[in-house]
Amino acid sequence: MKLSIGQASDAGPRKGANQDSILAATFEDQPQVILLIVADGMGGAKAGEIASQEAVKGIYNYLLETIPLDVETVPTHLHDAIAAANAAVFAKSKSSPEFEGMGSTVVSMLIMDDTYWIASVGDSRAYLIRDEQCHQLTTDHTWVNARVQEGLLTPEQAAQHSLSHVLDRALGVEETVKIDMALDDILEEGDALVLCSDGLHSVLEERVIVQIASSYNGPEAAQILLEQALEAPAEDNTSVIVVRAGDLV
Ligand code: CA
């Protein structure tokens, strides 16, 4: 199936410092494999930027050495790539006092032919938009979302909570990390996949994401989603990748 892929990232109101890092890449030795990553770094001074860059590099480099991939081994390799990135960010955080406590979210997707796999740590999200319905494919690893799961907060209270951005899991903070792996799925004609940092999903309603992702090809949808988030207005670095499967009708 024909895929169109677009990506956009902006520092938003925090001019100059974009702690998000994104990647949409293919591999020369296996061109039918597409790797997508959104990483949102945290840490003082330049640490957040460096953490998310290390996360992206760690995943890409691991997979580059692992290629060629096959359908059976993709989930293991994607998981291990994130684990390798965790180790890389953790090692970086120990390399200098100014990097102490750095970390990053990551949502990463591998697409091979029409099948896709997702791994995530933190609160960057992946959505599938199919038949104008929005399906969130990842779980936010935030303190407030854990309270929602326990029934102590409603989703509305969580969204408004002063601790809504506090992560309870992030890449590179500890020596090992628990990684969420979504079940693989097959793309259908007309599907859109959206990966984004919280700078986007905390200011745009799902219906807006659905409407834009359903109406444009990947590059246009990514650009328009970014512009809408910035106008919302965004309160944070904002990043998005959009994959559009098949032709627009
Ligand atoms: Ca963020």
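Values below: every heavy atom of this structure, side chains too, minus hydrogens, waters and symmetry copies. Indexing begins at 1, ligand by ligand and atom by atom, following the structure's order.
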message: Tell me if the aromatic rings of F99 and F90 count as close, with their centers under 6.0 Å from one another.
response: no

- prompt: Is the shortest side-chain N to carboxylate O distance from R244 to D191 below 4.0 Å?
  reply: no

query: Leaving waters out, which protein N, O or S atoms fall under 3.0 Å from the Ca ion (ligand 1)?
result: D40 OD2, D198 OD1, D236 OD2

- request: Would you please say whether a donor-acceptor pair under 3.5 Å links the side chains of H165 and D123?
  value: no

- prompt: Rounded to the nearest 0.5 Å, how far apart are CG of D40 and OG1 of T105?
  reply: 4.5 Å

- prompt: With a 4.5 Å limit on heavy-atom distance, are the side chains of P219 and S4 in contact?
  reply: yes

- request: Decide, yes or no, whether a salt bridge links D168 with K178 under the criterion of side-chain N to carboxylate O below 4.0 Å.
  value: no

